[in-house]
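Accompanying notes for the structure given below.
Chain naming here is simple, since letters A, B, ... match the order of the sequence lines and numbering starts at 1 in each.
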Amino acid sequence: MCASVKYSIRGPALIPRMKIKHRIYYITLFSVVLLGLIATGVFQFWPHSIESSNDWSVEKRSVRDVPVVRLPADSPIPERGDLSCRMHTCFDVYRCGFNPKNKIKVFIYSLKKYVDDSGVPVSNTISREYNELLTAISDSDYYTDDINRACLFVPSIDVLNQNTLRIKETAQALAQLSRWDRGTNHLLFNMLPGGPPDYNTALDVPRDSPRRYFLLSSQMALHPEYREELGALQAKHGESVLVLDKCTNLSEDVLSFRKRCHKHQVFDYPQVLQEATFCVVLRGARLGQAVLSDVLRAGCIPVVIADSYILPFSEVLDWKRASVVVPEEKMADVYNILQSIPQKQIEEMQRQARWFWEAYFQSIKAIALATLQIINDRIYPYAAISYEEWNDPPTVKWGSVSNPLFLPLIPPQSQGFTAIVLTYDRVESLFRVITEVSKVPSLSKLLVVWNNQNKSPPEESLWPKIRVPLKVVRTAENKLSNRFFPYDEIETEAVLAIDDDIIMLTSDELQFGYEVWREFPDRLVGYPGRLHLWDHEMSKWKYESEWTNEVSMVLTGAAFYHKYFNYLYTYKMPGDIKNWVDAHMNCEDIAMNFLVANVTGKAVIKVTPRKKFKCPECTAIDGLSLDQTHMVERSECINKFASVFGTMPLKVVEHRADPVLYKDDFPEKLKSFPNIGSL
Amino acid sequence: MQSWRRKSLWLALLASWLLGLLGIFPLLRLAVPTGPRAGAPRGWPRWLDAELLQSSFQPGEPPEDAPPPPPAPRGGSCDWGACFDTSKCRSGGFKVFVYPAAGPPSETQHKILASLEGSRYHTVSPTEACLHLLSLDAPAGACGPLPPEWNRGKNHLVLRLHPASCSGTFPRGQAMVAEASPAGDAFRPGFDVALPPLPEAHPVRGGAPGRLRQHSPHPGEALLALAEEGGGWRMAGADSSACPRSGHCERDGGPEPTHPGAALPNATFCLIPGRRPDALRFLQALQAGCIPVLLSPRWELPFAEVIDWTKAAIVADERLPLQAVAALQEMPPTRVLALRQQTQFLWDTYFSSVDKVIRTTLEIIQDRILGVSARPLLMWNSPPGALLALPTFSTSPSHFPFYHLQRGSRPAGRFSALIRVGATGQPPLKLIRAVAGSHHCAQILVLWSNDKPPPSSWPETAVPLTVMEGHRKASDRFLPFRAISTDAILSLDAHSSLSTSEVDFAFGVWQSFPERMVGFQTWSHFWDEAQGGWGYTAERVNDFSMVLTSAAFYHRYYHTLFTHSLPAALRSRAEAAPGCADVLMNFLVAAATKLPPIKVPCGRRPAEAGPPQAPGGLGPAPQPAARDCIDQLAAGFGHMPLVSSRLRLDPVLFKDPVSVLRKKYRSLEKP
């Protein structure tokens with residue numbers, strides 16, 4: 001396309017010097033060339049977009065054209081399933097191998113039509129649902145078309161519905177699959193014993209109105225014994241219990257599976273499920289019940305009365321949060337059991353049931369992907385999805401915080417801390433800071449991050465002699481984020497970030513700050529405190545450095561924190577904040593405050609009253625500078641970060657930490673940290 | 001003329017050549033779009049006639065119409081519904097009867113009895129009991145005769161702490177079996193309980209705390225420790241070549257020498273083979289804070305019914321140890337950090353003593369009995385653990401002080417003041433006014449614990465005031481009164497003296513730390529070398545570990561915990577000495593949080609705040625009664641739970657030389 005632009009510019013410059021016929025000739029020629037180039041350009045880009053859609057790469061064929069395979073009557077029948085199979089005995093993990101993405105590879109056999117000796121088809125070639133399922137697998141990240149790389153095999157022989165199956169012939173068909181090998185690493189889906197899942201869309205809007213029935217039974221073919229017990233429940237508790245049965249008095253043309261009756265009253269099924277708080281799921285022809293899926297979909301809480309029924313995906317789903325399981329013997333008690341559940345818990349269970357449905361059962365695709373994820377978790381346990389990810393509904397996930405340092409422990413004092421001084425060229429002030437910090441008893445190492453690429457750090461002999469190791473790290477680029485890099489040299493958990501001009505902090509103050517950090521190892525513990533405020537006039541956040549009664553941030557010009565936060569800052573900072581900070585050369589401290597508050601959900605701790613950090617004669621408050629632009633920039637940072645985080649994670653508190661006897665009427669010499677308190 | 005024409009011709013030629021070059025490739029590609037290209041991914045075909053495919057299911061004929069089933073099969077394998085009768089437990093509460101040992105009791109049986117006898121479950125009457133506990137850890141290793149109340153094992157729990165005891169021939173019948181690392185095939189999930197294999201010398205109470213001293217692995221720490229045949233651990237660095245496929249690691253070629261003496265591994269991950277005898281190593285790894293990597297274990301993980309082991313251990317396939325090791329090296333620090341901490345939490349909460357193991361077993365059974373009102377798994381798997389989170393209090397985690405962060409909830413913004421009027425018998429009018437002046441105060445409860453009848457008239461307050469009759473016992477104030485409607489309690493004594501702004505500030509602090517106690521006056525405990533015991537003092541020192549409940553904020557849940565979880569012996573012990581109930585409450589909260597309480601400043605010194613209620617140890621030398629109290633409580637807990645703090649939380653501008661007008665809590669600074 002670039003070329004065409006060039007020509008069109010040069011064209012007009014040539015034209016005035018030409019004769020008319022030549023001019024026409026050349027204009028035509030150039031337009032042809034131009035058009036050609038445009039067309040080429042379009043072609044260059046067009047085919048790519050076609051290729052990226054799936055239709056391009058998959059076959060378009062008819063199901064009727066699939067190859068026919070004849071199964072001789074005496075072809076081998078596979079052995080019966082080995083009930084003692086476990087993942088580590090029957091599953092061949094060697095096929096899965098090491099995989100940097102920790103994803104299993106799933107192969108789908110191509111579709112064949114199996115007929116027996118007399119040419120009668122073994123089964124329906126493929127059902128709509130099974131086709132959907134295989135399509136879902138094929139579209140997922142798990143799919144591979146290379147049988148040699150696959151670790152899991154999915155036959156295209158449809159065994160979804162066991163009612164329509166010719167067991168022996170299907171088994172023979174399975175046995176002749178190229179990699180069958182007694183079924184090793186093969187996955188069969190036989191999951192839906194009933195219920196056409198496509199009745200209507202009337203249920204799509206969950207209703208929040210109060211539900212009329214407390215307990216509902218909607219199943220039709222129940223054992224008389226159960227029906228008797230349900231009838232007794234209804235007789236005892238009246239209106240709040242509704243037991244439905246098959247309708248006997250319907251005209252022929254009504255879809256009977258969409259209707260349920262109580263005596264002569266007709267109810268629409270499954271809509272009636274929305275009217276109940278709890279819905280009974282009893283043992284039917286098979287243990288697994290389609291009614292469970294209907295019930296979940298209606299936001300009704302399933303009451304499972306089916307001993308030894310293993311609820312779907314119970315390996316990962318915590319069904320206690322979404323259902324009530326009652327032993328069959330306790331069926332008569334079921335009403336009282338349910339009555340004892342507090343309303344709040346009922347609401348939570350309804351939400352949970354609905355969420356299970358939406359996440360794992362609402363479509364064949366959801367079921368297929370959940371199944372593969374479970375198998376994937378077994379094979380790559382180190383990358384498995386956690387309980388919370390499986391079970392917490394999105395609203396809970398969004399509001400909850402899982403503190404990365406959740407174990408309540410106070411690290412031993414002996415470990416000490418590593419001081420990291422970020423410096424550019426203020427050598428004199430740097431040396432003063434080093435000398436001051438080295439007086440702190442718990443200092444175990446001092447790390448100077450030399451951020452100036454144009455100048456070498458002073459010679460070794462010029463540095464102050466201190467009692468702990470001093471190490472200078474030279475950086476490749478002058479970036480603020482260098483101060484938060486997780487250097488290998490940091491061996492302690494506690495890190496003291498300190499600017500090269502913070503010379504006023506006393507050794508007592510620093511030592512006390514470290515003691516405070518030990519009691520709050522998951523927080524930022526720092527000296528200069530700041531506050532964010534909501535500016536109602538401008539409708540945005542404002543940065544505040546005045547003497548306020550509250551704090552929500554501490555500046556990392558002098559702050560203790562856990563070294564894990566360096567890792568988070570460098571590798572897990574949300575959005576473009578890290579680059580943004582490096583580009584603006586400002587607000588790295590605010591970014592750190594946001595990050596820590598966001599992962600821990602906790603406030604900072606400001607230690608000691610100190611307000612002056614750089615020099616005794618400085619104004620009380622000092623930051624990088626006090627002018628108005630600085631404040632505006634800092635406010636902008638807060639607004640920028642709040643929008644990237646999608647929330648305001650900072651917590652405002654009204655307290656700071658002082659030594660127990662600070663300013664108490666008590667002999668100074670008996671206090672642990674006497675040299676604290678001057679501003 | 002000619003030259004520019006030729007130039008233009010050349011130009012045109014060049015352009016058409018360019019055109020050809022650019023055009024031919026895409027055109028070539030367009031030429032073969034329909035046929036399947038070699039190497040291109042071919043998914044499951046999109047059938048042209050997909051719309052015509054039949055559904056698996058015949059509409060109109062729901063398969064539920066199949067012949068109805070016979071009732072559930074009974075016998076054979078037991079499950080909870082069939083083989084346990086909960087009716088007795090519901091009426092009489094969860095009571096456990098322990099059969100006396102047939103012969104001379106073994107050491108383990110002693111431990112079990114010792115653990116149970118103090119607990120709230122224990123009963124001496126077999127008829128009253130809902131669960132009968134039979135310990136098979138007989139000294140000779142032989143099975144005793146079946147007990148008289150056996151009843152085919154119904155409602156029985158057969159406890160076998162050590163695998164060696166009573167080898168295998170016991171007819172378990174309908175009894176639940178709680179067994180150390182049971183083999184997978186004999187285990188009845190949801191019915192039997194898998195126990196951890198305990199070493200013979202496992203302590204009854206307390207137990208060794210976890211060895212983890214810091215959250216993240218030390219940089220010099222080995223990546224991997226391998227369980228060796230002899231019982232030791234061998235460290236291996238990042239280099240995994242020492243481990244061949246079998247999971248068995250050769251002695252030679254290890255990057256670091258063997259540490260035969262080291263009982264506990266010092267590494268980030270501990271590789272443990274899956275054979276049953278190696279289950280013991282699993283517990284060692286937990287204690288050491290070394291993340292267990294189990295290679296296809298042939299035994300059930302302990303308490304797996306409630307403990308989510310994926311948060312603390314990794315179950316890998318023994319056939320691919322190298323793959324596991326490679327994955328461990330790649331594991332992100334965030335996950336390593338979480339796994340490490342979880343191992344320690346689980347060890348300290350459920351495994352470090354015989355007492356904890358037995359109580360955990362009973363709590364699991366109690367949760368089964370409770371059914372829908374059982375604890376959510378969150379309570380089992382996050383601090384402080386299920387033994388300290390009573391399901392009788394609430395089933396909603398948000399009601400407890402511990403789970404606000406995980407649930408994204410906050411403690412409510414009101415508190416109830418609970419004022420205990422003891423010996424003085426004078427209604428604390430000034431205090432009531434000060435407390436009622438706080439905007440956060442929801443109600444005032446007066447606990448009248450005096451022989452005189454309470455006065456009939458009380459001051460007019462903006463918030464409701466209720467007077468309750470107490471029993472004149474020191475621990476009265478810790479009863480879970482129904483009248484308390486808020487999460488926060490401000491516990492006060494009649495002689496306490498607080499200002500409204502002190503109350504407001506302290507409540508603000510409590511909202512940041514809802515699981516801790518926030519108090520004004522403090523005591524600190526110390527180890528008395530001379531006496532060889534614990535002591536505590538009210539002297540002003542540079543640290544503290546207890547706050548006085550005569551003026552403290554804490555969560556309502558601690559009243560329930562105090563009344564229902566503490567053994568009766570400890571509670572009656574607390575009655576005996578003055579101030580001991582305070583100490584016991586501090587013990588309890590510290591045991592739950594493992595953190596120190598929080599001190600906030602108070603304007604007036606306690607000496608001026610009226611006569612102290614003779615708490616033990618006021619003054620330089622602690623009184624003997626006080627020392628007895630703390631010593632006995634420490635013995636009862638099995639360890640010293642108190643943690644010291646060296647800081648006090650002050651208002652941000654506290655005693656700063658700025659105008660008092662700027663300060664929100666200026667009255668705190670009055671001398």
Under the salt bridge (charged side-chain N to carboxylate O under 4.0 Å, His left out) criterion, do A:Lys320 and B:Asp367 qualify, and how do the steps go? CA-CA 12 Å; A:Lys320 264 196 210 160; B:Asp367 260 12; 5.3 Å; no

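- Of the two parts of A:Leu670, only the backbone, made up of N, CA, C and O, holds a non-hydrogen atom closer than 4.5 Å to a non-hydrogen atom of chain B.
- Among the candidates B:Lys594, B:Gln342, B:Arg340, B:Gln341, the single residue satisfying the side chain to side chain contact (heavy atoms under 4.5 Å, CB included) test with A:Leu407 is B:Gln341.
- Take B:Phe84 and apply the ring-ring contact (aromatic ring centres under 6.0 Å, His included) test, not counting sequence neighbours, and it matches B:Trp80.
- Closest approach of B:Val372 and A:Ser340 over heavy atoms only: CG2-OG, 4.3 Å.
- Ranking B:Ala338, B:Gly508, B:Ser216 against chain A, the residue ahead of the rest is B:Ser216, based on heavy-atom pairs under 4.5 Å.
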Give the intermediate values and the outcome of salt bridge (charged side-chain N to carboxylate O under 4.0 Å, His left out) for residues A:Asp139 and B:Arg46. CA-CA 11 Å; A:Asp139 289 349; B:Arg46 300 285 190 276; 3.0 Å; yes

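- For A:Lys344, the part lying near chain B is the side chain, with the backbone staying farther off; criterion is any non-hydrogen pair under 4.5 Å.
- Proximity to chain B involves both the backbone and the side chain of A:Ala657, based on heavy atoms less than 4.5 angstrom apart.
- By the salt bridge (Lys or Arg N to Asp or Glu O under 4.0 Å) test, A:Asp377 pairs with no residue at all, sequence neighbours left out.
- Under the 3.5 Å distance criterion, with hydrogens and angles disregarded, a donor-acceptor pair is assigned to the side chains of A:Asn131 and B:Trp47.
- Neither the backbone nor the side chain of B:Thr310 comes within less than 4.5 Å of any heavy atom in chain A.
- Of the possible donor and acceptor atoms, one in the side chain of B:Asn542 sits under 3.5 Å from a partner among the backbone N and O of A:Ser672.
- Most heavy-atom pairs under 4.5 Å with chain B, from the set A:Thr395, A:Asp665, A:Asp522, A:Val396: that is A:Asp665.
- Ranked by heavy-atom pairs shorter than 4.5 Å toward chain A, the options B:Pro601, B:Ala316, B:Ser396, B:Pro651 are led by B:Pro651.
- The candidate from B:Asp543, B:Val509, B:Leu595 with the greatest count of non-hydrogen atom pairs under 4.5 Å with chain A is B:Val509.
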